[in-house]
Amino acid sequence: IFVATNDAVRPGTTVSGVAIGGMNTDEAIGVLKESVGAKVNRKIEISAGDQVFEVRPRAAGITLDAQATVEQATSTGFNPFRVISDLFGSRDIEPVIAVDQDALVDSVASIADVVNLTPIEPKLSVTRNKITLTPGSDGLEVDREALETQILSAVTQTRSTIVAPLEVTPPRVSSADAVNAETLAKQAVASPVTVSVGDITATIAPETIAQALSFTTQGSQLSPELE
C-alpha cells in the first residue's frame, strides 16, 4: 500500500516516459539525471545556409533540473481522494529545464558570427575613359532570438535538424538608385561644360570632369562629389 509522504513520488508518475513512481526524492533525481538528463544533452544539429553546426545543450547552458522536476511529482500531504487516484492512475510530467541565458546567447552568437554576411554596397567609379558600376549584394543575418527559442524547444524532443531562421539584409543603396547615379555620371562626362563667372568664361573638358568626379555612399544614395 502506498502512503503519501513529502518524500515520495506519486505512483504511476513518469517523466518523458521514464518511470519514477514510488521512489523517494533522491532515487528519482538520480534516475532522471541518468536517463532524461542524458537525453536532454544529446547534440542538436543546426542547418544555417550551406553550413551545419552541432550544439550540445549543456555547453549552451541548457540542463535538466532534476530536483525541480521531482518536486512536481512528490506528494504534498495526505489527501485520501488523491491517494485513491494515485493508486489507479498515471501521469507523465514535463521535465523542468534550467537555462543559463548568457551561455545560450553566446552559443547562438558563435553560429551567427560564422553565418552572418554584411551587405555590400554598390560602387560607382568614374575614370577618364570609363564609368563602372559594381552592383551591391545582399547580406545575411541569423535571427538570434528565434534560434534560441528553437534550441530550447528541441531539447526535450526527438532530435531532428533545426533550420536556423535567416534574414536577408539588403544594401542601403538599392539597385535602382545605383543605376540612377550611373546615368547621372554618364551625363556629367558626355560633353564639355561651359562655366561663366563675370566676364570670364571657361570650358571644362569631359576628361577633366571625369578626373574630379566621384561617388560615395551617403545614407541610401550614391552621391556625387567634385574634387
For residues Ile209 and Ala188, report the shortest heavy-atom separation together with the two atoms involved. CD1-O, 3.5 Å

Please check if the side chain of Glu54 supplies one atom and the backbone of Ile44 the other of a donor-acceptor pair under 3.5 Å. no

Arg58 atom CZ, over 12 foreign heavy atoms within 6.0 Å: no

Would you name the heavy atoms of Ala210 and Thr127 that are closest together and state the gap between them? CB-O, 3.3 Å

Give the intermediate values and the outcome of side-chain contact (heavy atoms from CB on, under 4.5 Å) for residues Asp65 and Glu71. CA-CA 10 Å; Asp65 189 335; Glu71 285 175 356; over 6 Å; no

Do Val52 and Val142 sit in one hydrophobic cluster, given that two such residues count as connected whenever their side-chain heavy atoms are within less than 4.5 Å of each other, even indirectly? no

If we only count heavy atoms from C-beta on, is the Val155 to Leu64 side-chain gap below 4.5 Å? no

Taking the side chain as C-beta and beyond, is there a heavy-atom pair between Thr74 and Met23 under 4.5 Å? no

Spell out, as yes or no, whether a donor-acceptor pair under 3.5 Å connects the side chain of Ser107 to the backbone of Ala103. no

When you look at Thr161 and Ser47, which way does the side-chain hydrogen bond (donor to acceptor under 3.5 Å, both in side chains) test go after all the steps? CA-CA 7 Å; Thr161 300; Ser47 172; over 6 Å; no

Would you please test Thr63 and Val40 for side-chain contact (heavy atoms from CB on, under 4.5 Å) and show each step? CA-CA 7 Å; Thr63 55; Val40 165; 6.0 Å; no

Val9 backbone acceptor or donor facing Thr13 side chain under 3.5 Å: no

To the nearest 0.5 Å, what is the distance between CD1 on Ile111 and CD on Gln51? 10.0 Å

What distance separates Lys123 NZ from Phe215 CZ, expressed to the nearest 0.5 Å? 15.5 Å

pair Pro165-Leu147: side-chain heavy atoms closer than 4.5 Å: yes

Hphob cluster co-occupancy, Val193 + Val126, side-chain heavy atoms under 4.5 angstrom: yes

Under 3.5 Å, is there a donor on one side chain and an acceptor on the other for Asp177 and Ser174? yes

If you round to the nearest 0.5 Å, how far is CD1 of Ile131 from NZ of Lys186? 7.0 Å

For the OG1 atom of Thr69 and the NZ atom of Lys33, what is their distance to the nearest 0.5 Å? 11.0 Å

Within the 4.5 Å heavy-atom criterion, are Thr14 and Ile20 side-chain neighbours or not? no

Checking side-chain contact (heavy atoms from CB on, under 4.5 Å) for the pair Glu34/Leu32: CA distance, chi angles, key distance, verdict? CA-CA 5 Å; Glu34 291 182 4; Leu32 291 182; over 6 Å; no

Side chains of Gln72 and Glu94: do they bring a donor and an acceptor to under 3.5 Å? no

Determine whether a donor-acceptor pair (N or O, by modelled atom type, separation under 3.5 Å) exists between the side chain of Arg172 and the backbone of Glu121. no

Side-chain heavy atoms of Pro122 within contact of Pro135, under 4.5 Å: no

Locate the shortest heavy-atom distance separating Ser35 from Val18; write the atom from each residue and the value. OG-CG1, 3.6 Å

Candidate list Leu222, Leu133, Leu184, Leu124, test side chain to side chain contact (heavy atoms under 4.5 Å, CB included), partner Val179, passing option: Leu133

Could you tell me whether the side chain of Pro170 reaches within less than 4.5 Å of the side chain of Pro119, counting heavy atoms only? no

Can you find a heavy atom in the side chain of Ser16 that is under 4.5 Å from one in the side chain of Lys39? no

Find out if a path of hydrophobic residues (ILVMFWY) with successive side-chain heavy-atom gaps under 4.5 Å connects Leu117 to Phe53. yes

Flag yes if Val96 and Ile151 sit in one hydrophobic cluster, no otherwise; membership is Ile, Leu, Val, Met, Phe, Trp, Tyr, and two members link when side-chain heavy atoms are under 4.5 Å apart. no

Output, in order, the C-alpha distance, side-chain angles, deciding distance and verdict of side-chain contact (heavy atoms from CB on, under 4.5 Å) for Arg10 and Arg91. CA-CA 9 Å; Arg10 293 168 59 186; Arg91 61 173 180 160; 3.1 Å; yes

If hydrophobic clusters are built from ILVMFWY residues whose side chains come within less than 4.5 Å, do Val55 and Val105 share one? no

Salt bridge check, Arg159 against Glu45: does any charged N sit closer than 4.0 Å to a carboxylate O? no

Donor-acceptor pair, side chain of Thr201 and main chain of Ser196, under 3.5 angstrom: no

Nearest 0.5 angstrom please: Glu148 CD to Asp143 CG, how far? 9.0 Å

Backbone of Gly17 reached by a side-chain donor or acceptor of Asp92 within 3.5 Å: yes

What are the two closest non-hydrogen atoms of Pro206 and Val189, and how far apart are they? CB-O, 3.3 Å

Between Val31 and Ala19 the two heavy atoms that sit nearest each other are CG1-O, 4.5 Å

Going through the checks in order, is the side-chain hydrogen bond (donor to acceptor under 3.5 Å, both in side chains) test met by Glu225 and Thr216? CA-CA 8 Å; Glu225 294 182 353; Thr216 59; 3.2 Å; yes

Around atom CD of Glu145, are there more than 12 heavy atoms from other residues, nucleotides or ligands closer than 6.0 Å? no

Mind listing the closest non-hydrogen atom pair of Ala109 and Arg144 along with its distance? CB-NH1, 3.5 Å

Does any part of the side chain of Thr156, heavy atoms only, come nearer than 4.5 Å to the side chain of Pro95, both counted from C-beta? yes

